[in-house]
Amino acid sequence: MEFSVKSGSPEKQRSACIVVGVFEPRRLSGTAEQLDEISEGYISNLLRKGDLEGKSGQMLLLHHVPNILSERVLLVGCGKERELDERQYRQIITKTINNLNETGSMEAVCFLSELHVKGRDIYWKIRQAVEAAQDGLYSFDSLKTRKAEPRRPLRKITFNVPTRRELPIGERAVAHALAIAEGITTCKNVANMPPNICNPAYLAEQAKILASDYENISTTIVGEAEMEELGMGSYLAVGRGSVNESLMSIIKYDGAGDDSKPLVLVGKGLTFDSGGISLKPGAGMDEMKYDMGGAAGVLGAMHALAELQLPLNVIGVLAGCENMPSSNAYRPGDILTTMSGQTVEVLNTDAEGRLVLCDALTYVERFEPEAVIDVATLTGACVVALGAHATGLLSSHNPLAHELLNASDQSGDRAWRLPLWDDYNAQLESPFADMANIGGKEAGTITAACFLSRFTKKYHWAHLDIAGTAWRGGKDKGSTGRPVSMLTQFLLNRSGQEQGE
Ligand code: BES
Ligand code: MN
Ligand code: ZN
């Protein structure tokens, strides 16, 4: 779909559809008011008759409104004007796009970007609108032999800005949003792919495709033989029960030359997590194909970054692996030697993510990172704590934590910090090794992060637990594309290009 911005009055638009807001109870927004005047009260008349109350998400499509050049006018309920918040704004945009897509307008001019959303500027409103639109239009149908196509899909949408002065900022918002949306689509496509297709080799293939698409990206793959040489005993143990080789992809984006230290993103890439010998229960096990959501998020953020061509050095690591039971699988009771030299007693083979990540986190020391952020569908406990709304954030470095929280607030891709106090470390004690791989029933998200923190002492580090946010279950099952938006926002902020000129 094509997006653009312009500045003009609604009555002068010659469009297939023009979109304006109506507040509850039956109150016209500024632009709806303008249309009402030109059409000699046509719209206010309809509202008086009770055709539209203005409740959030209500829609009324009008044809041939008198004296209006556009073919259609879509009135969109925006709820109570003073209650319009960020979430509602996004929902209104999503519903509007779906409606336009179904009602046959191939092109539209949208004035909803004029709505007042508390504390948010035109850059934010247009960026969110474009991201919401792209999110709503996504479908994963590459494996369906018969695809449902809308009759006349929406092709182009133009967002209005109040004056010509805001055009550059609006255009910038569109450009940023499109880059992020592209990253999100990449994330969703690879995450939704079934585990018989999306195995560690497939993940590595996607990392290589990125390198062939962008000149300043190069990808290398670390296979099991090299892991063996490096002493990555923990990562290797997890993949041992699978016939699919463990493969770690290193995606290097060079945007700032040799002198600038890289930011490193590490994604958990379990292309399927059966639990291994500590086998998971059957119900819903298919959803463990999403256990590579961290790697998908990192891949998506690298894609967005490459589209934006930010002046940074960033390294994305996809820790690809499959956790399966077999006679060759690792077992409860095994003691593993990690790349760091620390030993781990396995008490549950289903706590595999941390075993893969700890070696990947040691591996990235060689890059002398500016900071490392790992992204992982790590714990069911995080879903219990925060549900599907917020990503869990844990960090040993306050400034980095605040930067990420800030990025999550700006992007609307929410995160919430949990503590990483030393007190929790006691839960990881093992009688036979340096630590156990599980920390008991209590505070599972925190003890998992504590485990990782033992491997991240050499750099600034933050951990994102996306177990609740990476995908939706139920009838709308599918990848959400999170946390691509937050990560890309973090990178935008780091590059000093958050929005301005
Ligand atoms: N990939 C899972 C975590 C998970 C579970 C994410 C459900 C999303 C939904 C992880 O590998 C796992 O199995 N974790 C265990 C850890 C436990 C054995 C300490 C868990 O959360 O149950
Ligand atoms: Mn597991
Ligand atoms: Zn897992």
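Not measured: the values here are computed from a predicted model. Each ligand, and each atom within it, is numbered from 1 in the order the structure gives.
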Between the candidates Leu270, Asn437, Leu378, which shows the shortest non-hydrogen contact distance to atom 10 (C) of ligand 1? Leu378
Quiz question: by atom type and distance under 3.5 Å, do the side chains of Ser340 and Thr362 form a donor-acceptor pair? no
Test item, Lys280 contacting ligand 1 (heavy atom, 4.0 angstrom): yes
Is it true that the side chains of Gln206 and Asn189 contain a donor and an acceptor less than 3.5 Å apart? no
When you check the gap from the basic side-chain N to the acidic O, do Lys268 and Glu352 get nearer than 4.0 Å? yes
With 2.8 Å as the threshold, which protein atoms of type N, O or S lie near the Mn ion (ligand 2)? Leave waters out. Asp273 OD2, Asp350 O, Asp350 OD1, Glu352 OE1
Take Glu131 and Arg90, measure what salt bridge (charged side-chain N to carboxylate O under 4.0 Å, His left out) needs, and give me the verdict at the end. CA-CA 9 Å; Glu131 282 186 41; Arg90 267 193 297 266; over 6 Å; no
Could you see which bit of Asn323 sits under 4.0 Å from ligand 1, with heavy atoms only: side chain, backbone, both or neither? neither
Quick one: does Asn313's side chain have a donor or acceptor within less than 3.5 Å of a partner on Gly255's backbone? yes
Decide, yes or no, whether a salt bridge links Asp434 with Arg454 under the criterion of side-chain N to carboxylate O below 4.0 Å. no
What do we get for Glu287 next to ligand 1 when only non-hydrogen atoms under 4.0 Å count, side chain, backbone, both or neither? neither
State whether the side chain of Gln427 and the backbone N or O of Glu442 hold a donor-acceptor pair below 3.5 Å, judged by distance alone. yes
Taking the Zn ion (ligand 3) as the centre, count the protein N/O/S atoms lying under 2.8 Å from it. 4
Would you check if the side chain of Glu245 reaches a backbone N or O of Glu224 as a donor-acceptor pair within less than 3.5 Å? yes
Can you tell me if Trp471 has a non-hydrogen atom under 4.0 Å from ligand 1? yes
Distance flag for atom 22 (O) of ligand 1, protein heavy atom under 4.0 Å: no
